[in-house]
Amino acid sequence: MARRLRLGVALGGGGARGFAHLGVLLTLQRHGIPVDAVAGTSLGAVMGAAQALSLDLDFFRRVLTSLDLNALLQVSSSTVREIQRAIGRGMIEYVRGSAWKSPDRESPSTARMRELFSLLTANRSFSDTTIPFAAVAADLETGERVVLRSGTLCDALAASAAVPGVFPPVLCQGRYLIDGGVVDKIPADAVVDLGADAVIAVDTGAPLTRSIDTSFDALLQSERITSRHLTSLQLARESARLDGRVVVIAPPVGWITMFAFEHIAQAVAAGERAAEQQLPAVLDLLRKRRSINRRWQSRRPPPPPSP
């Protein structure tokens, strides 16, 4: 029998910019576009978990916009301030040792993340999802890309969103894991491995258009350049793997800094607008699915004659 192509969504990292993923998912839902698999990195993993659990996305949006995430996670809305705090923590850990390296203790910041993600996912597991879902993290010790597909969702989301320096590495499934954006900013490969034959990739990465005035700015820009080149190569590889069946949606959220969680509503709206603009390309992807099925069916041998 003919099988329609399976549509997967890959949701990238980007801190507070990642709330644009929710706007994209809401738009796909509003237009009746099916999502057969989803994979996410960092905050993209959190939004992907909501889709995979078939949560009410509009209610999910209202909950998120009602929360003070900076207060809940105890992070500043200023990325520079968070980096300064990370340097201070690093100096203290150099003298006293790192608490996160003790398997019997969990850092307060990791505990806060787990608690938040447990609340948002109702403490469910991967086995409770209605479509295949994967969260991507990175192994701090080996540098390996780690695709999480089992266990409690809040544990996987905490690992995938553990931004180095801001949140300590998360001990998950016997490994110290950090934010998956280090190795796989937009996990198109992971969603293809889940069985997707066509992919919508949502890019909420930091832009390269910010002014460079100091050596510190240059250091941050160098990380963005590396990330952008790696992401471009990875998407090109998956596009070739899928014979071009990849649509990239890039919401204009570059003005939102990583921890500016007060801009959730604006990020969601930007995701909705970007998805609407790319809707013709997405619908063309769906038409390609139907035409491929028709061509496949046209090659089927005729049924045997009736007795």
Side-chain angles (χ1 to χ4, degrees), residues 8-22 24 38-50 69 73 75 79 82-83 86 109-110 113 116-117 133-149 153 155-170 172 175-193 199-208 210 219-238 248-251 253-254 256-261 267 271:
V9 176
L11 305 175
R17 294 184 296 273
F19 286 103
H21 297 311
L22 184 53
V24 172
V38 61
T41 292
S42 196
L43 199 62
V46 180
M47 301 298 107
L69 292 181
L73 296 173
V75 295
T79 305
E82 276 307 307
I83 293 174
S109 56
T110 300
M113 269 208 302
L116 173 63
F117 296 149
F133 169 63
V136 176
D139 187 311
L140 180 63
E141 296 172 326
T142 67
E144 291 176 280
R145 166 180 165 271
V146 179
V147 180
L148 299 167
R149 292 195 57 193
L153 286 168
D155 292 340
L157 300 183
S160 182
V163 178
V166 178
F167 299 105
V170 173
C172 181
R175 298 171 132 184
Y176 286 110
L177 303 182
I178 59 174
D179 192 310
V182 173
V183 291
D184 204 353
K185 185 73 79 175
I186 307 175
D189 48 357
V191 82
V192 171
D193 291 341
V199 173
I200 296 173
V202 187
D203 184 358
T204 55
L208 302 180
R210 299 176 182 178
L219 178 64
L220 293 179
Q221 182 78 336
S222 67
E223 189 278 331
R224 296 185 200 112
I225 292 170
T226 301
S227 176
R228 175 158 294 206
H229 279 285
L230 177 61
T231 300
S232 177
L233 289 171
Q234 289 172 334
L235 288 178
R237 181 188 64 194
E238 297 311 308
V248 178
I249 298 177
V253 289
I256 301 176
T257 56
M258 178 168 284
F259 301 111
F261 294 128

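- In this structure, Ser160 OG and Asp155 CG are separated by 12.5 Å, a value rounded to the nearest 0.5 Å.
- In this structure, Leu208 and Ile225 have side chains that are in contact, with non-hydrogen atoms separated by less than 4.5 Å.
- Separating the CE atom in Met47 from the CZ atom in Phe19 is a distance of 5.0 Å, to the nearest 0.5 Å.
- Note: Arg224 CZ to Ser227 OG = 10.0 Å, rounded to the nearest 0.5 Å.
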Q: Check the pair Leu148 / Leu177 against side-chain contact (heavy atoms from CB on, under 4.5 Å), numbers first and verdict last.
A: CA-CA 11 Å; Leu148 299 167; Leu177 303 182; 4.1 Å; yes
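- With sequence neighbours excluded, the residues that form a salt bridge (charged side-chain N to carboxylate O under 4.0 Å, His left out) with Arg237 are Asp189.
- What you find for Met113 and Ala161 is that their closest heavy atoms are SD-O, 4.1 Å.
- Here the side chains of Ile178 and Phe167 are not in contact, with every heavy-atom distance at 4.5 Å or above.
- Residue Pro187 forms a side chain to side chain contact (heavy atoms under 4.5 Å, CB included) with just one option from Val136, Val199, Asp193, and that option is Val136.
- Pairing each heavy atom of Leu140 with each of Pro169, the nearest pair is CD2-CG, 3.4 Å.
- The two residues Pro251 and Val24 have their closest heavy-atom pair at CG-CG2, 4.5 Å.
- Scanning all heavy atoms of the two residues, the minimum distance from Ala49 to Leu157 falls at CB-CD1, 4.1 Å.
- In terms of heavy-atom proximity, Ala16 sits nearest to Thr257 at CB-O, 3.6 Å.
- For the 3.5 Å distance criterion, the side chains of Ser42 and Asp179 qualify, holding a donor opposite an acceptor.
- For the atom pair CG (Leu11) and OG1 (Thr41), the distance works out to 9.0 Å, reported to the nearest 0.5 Å.
- Expressed to the nearest 0.5 Å, how far CG of Leu235 lies from NZ of Lys185 amounts to 12.5 Å.
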Q) Can Asp184 and Gln234 be said to form a side-chain contact (heavy atoms from CB on, under 4.5 Å), step by step? A) CA-CA 8 Å; Asp184 204 353; Gln234 289 172 334; 3.4 Å; yes
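- Remark: Asp139 engages Arg175 in a salt bridge (charged side-chain N to carboxylate O under 4.0 Å, His left out) (not counting sequence neighbours).
- Here the closest non-hydrogen pair linking Arg149 and Ala134 is CG-CB, 3.9 Å.
- With rounding to the nearest 0.5 angstrom, the CZ atom of Arg228 is 12.5 Å from the CG atom of Leu230.
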Q) Where do Leu116 and Leu69 land on the side-chain contact (heavy atoms from CB on, under 4.5 Å) test, with the steps shown first? A) CA-CA 9 Å; Leu116 173 63; Leu69 292 181; 3.9 Å; yes
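- For Glu238, the side chain to side chain donor-acceptor pair (under 3.5 Å) test picks out Arg241, with sequence neighbours left out.
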Q: Determine, stepwise, if the pair Tyr176 / Glu141 fulfils side-chain contact (heavy atoms from CB on, under 4.5 Å).
A: CA-CA 7 Å; Tyr176 286 110; Glu141 296 172 326; 3.9 Å; yes
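- Proximity of a side-chain donor or acceptor of His21 to a complementary backbone N or O of Gly48 within less than 3.5 Å is not detected.
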